[in-house]
Chemist: 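I'd like to ask you about the structure that follows.
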Amino acid sequence: MFNALQIESALAKDDIELHVLNETHIPQLEKLAQDERIWKFATHEHNRFKEEWIDKAITQMQQNKRLCLVIFYQGNIVGSTSYYHIDLDNKKLTIGHTWLHPNHWGSKINRVIKLMMLEYAFDKLGFIRVEFQVDSLNIPSQNALQKIGIKHEGILRNHMLLSNGRIRNTYVYSVIPEEWPMIKQNIERMLS
């Protein structure tokens with residue numbers, strides 16, 4: 001697989017690891033993705049996971065536009081997340097396309113992966129901006145970002161046309177290096 005950010009080994013913290021997507025992960029991801037609840041705010045229907053998620057992720061990785069990571073918890077695959085809109089020249093990217101199997105909703109996993117991904121972007125790569133894009137109807141994700149202090153910047157109106165015909169407005173959140181120490185502290189406090 002292509003790896004725009006040159007992650008050579010898994011990112012790891014506690015009992016959570018992020019591995020760069022490869023072919024061996026796909027069968028388990030497909031099995032987990034059968035739960036329709038995961039895709040409530042997705043741009044595609046759950047039954048199009050292979051075409052709209054796996055194939056798209058692999059194509060975007062080949063184009064160095066995305067780095068798809070598989071989430072392992074206690075040695076088992078539980079979901080996926082990505083760095084995307086990767087702009088190496090301007091040292092910015094977006095974190096998203098994140099999903100977890102519902103058995104792990106409300107757990108520490110999402111906070112830990114955000115911490116690991118932000119640490120890698122700011123502390124290892126020296127990026128100057130990390131963005132999050134959230135469906136305007138996805139209140140849980142908006143609340144999760146705001147709870148750790150990530151700033152809401154604005155809204156992209158009529159940003160996407162979803163496969164079910166709904167026109168999606170997207171809320172934009174971001175972190176810059178000056179804010180990162182406070183965000184990191186907030187996440188670590190919530191995890192302790």
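Values below: every heavy atom of this structure, side chains too, minus hydrogens, waters and symmetry copies.
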Chemist: Less than 6.0 Å separating the ring centroids of H25 and F72?
Modeler: yes
Chemist: Please indicate whether Q6 has more than 12 foreign heavy atoms, meaning atoms of other residues, nucleotides or ligands, lying under 6.0 Å from its CD.
Modeler: yes
Chemist: Indicate whether the side chain of H97 and that of S82 have a donor and an acceptor atom separated by less than 3.5 Å.
Modeler: no
Chemist: So, taking the atom named CD1 in I54 and the one named OG1 in T59, what distance separates them when rounded to the nearest 0.5 Å?
Modeler: 11.5 Å
Chemist: Passes ring-ring contact (aromatic ring centres under 6.0 Å, His included), W180 versus F127? Steps please.
Modeler: CA-CA 11 Å; W180 166 231; F127 272 46; over 10 Å; no
Chemist: State the NZ-CD1 distance between K91 and I86, to the nearest 0.5 angstrom.
Modeler: 12.0 Å
Chemist: Quick one: CG on L67 to OG1 on T81, what's the gap to the nearest 0.5 Å?
Modeler: 10.0 Å
Chemist: Can you tell if the side chain of V134 reaches within under 4.5 Å of the side chain of Y173, non-hydrogen atoms only?
Modeler: yes
Chemist: Please work out which of the three classes, parallel, tilted or perpendicular, describes the rings of W53 and W99, given edges at 30° and 60°.
Modeler: perpendicular
Chemist: Donor-acceptor check, side chain of Y120 to backbone of L5, threshold 3.5 angstrom: yes or no?
Modeler: yes
Chemist: Only one of H101, Q28, H19, K31 passes side-chain contact (heavy atoms from CB on, under 4.5 Å) with I77; say which it is.
Modeler: Q28
Chemist: Between D15 and K108, does any NZ, NE, NH1 or NH2 come within less than 4.0 Å of an OD or OE carboxylate oxygen?
Modeler: yes
Chemist: Using side-chain heavy atoms (C-beta onward) and a distance below 4.5 Å, is V175 in contact with F122?
Modeler: yes
Chemist: Which of parallel (below 30°), tilted (30 to 60°) and perpendicular (above 60°) describes Y171 and H152?
Modeler: tilted
Chemist: Among Q133, Q60, R66, K65, which residue meets the side-chain contact (heavy atoms from CB on, under 4.5 Å) test with H85?
Modeler: Q133
Chemist: Identify whether the distance between the nearest side-chain nitrogen and carboxylate oxygen of K151 and E153 falls below 4.0 Å.
Modeler: no
Chemist: Kindly compute the distance separating CD (E30) from NZ (K50), expressed to the nearest 0.5 Å.
Modeler: 6.5 Å
Chemist: Can K92 and E131 be counted as an ion pair, charged N to O under 4.0 angstrom?
Modeler: no
Chemist: Are K40 and D135 ion-paired here, with the side-chain N under 4.0 Å from a carboxylate O?
Modeler: no
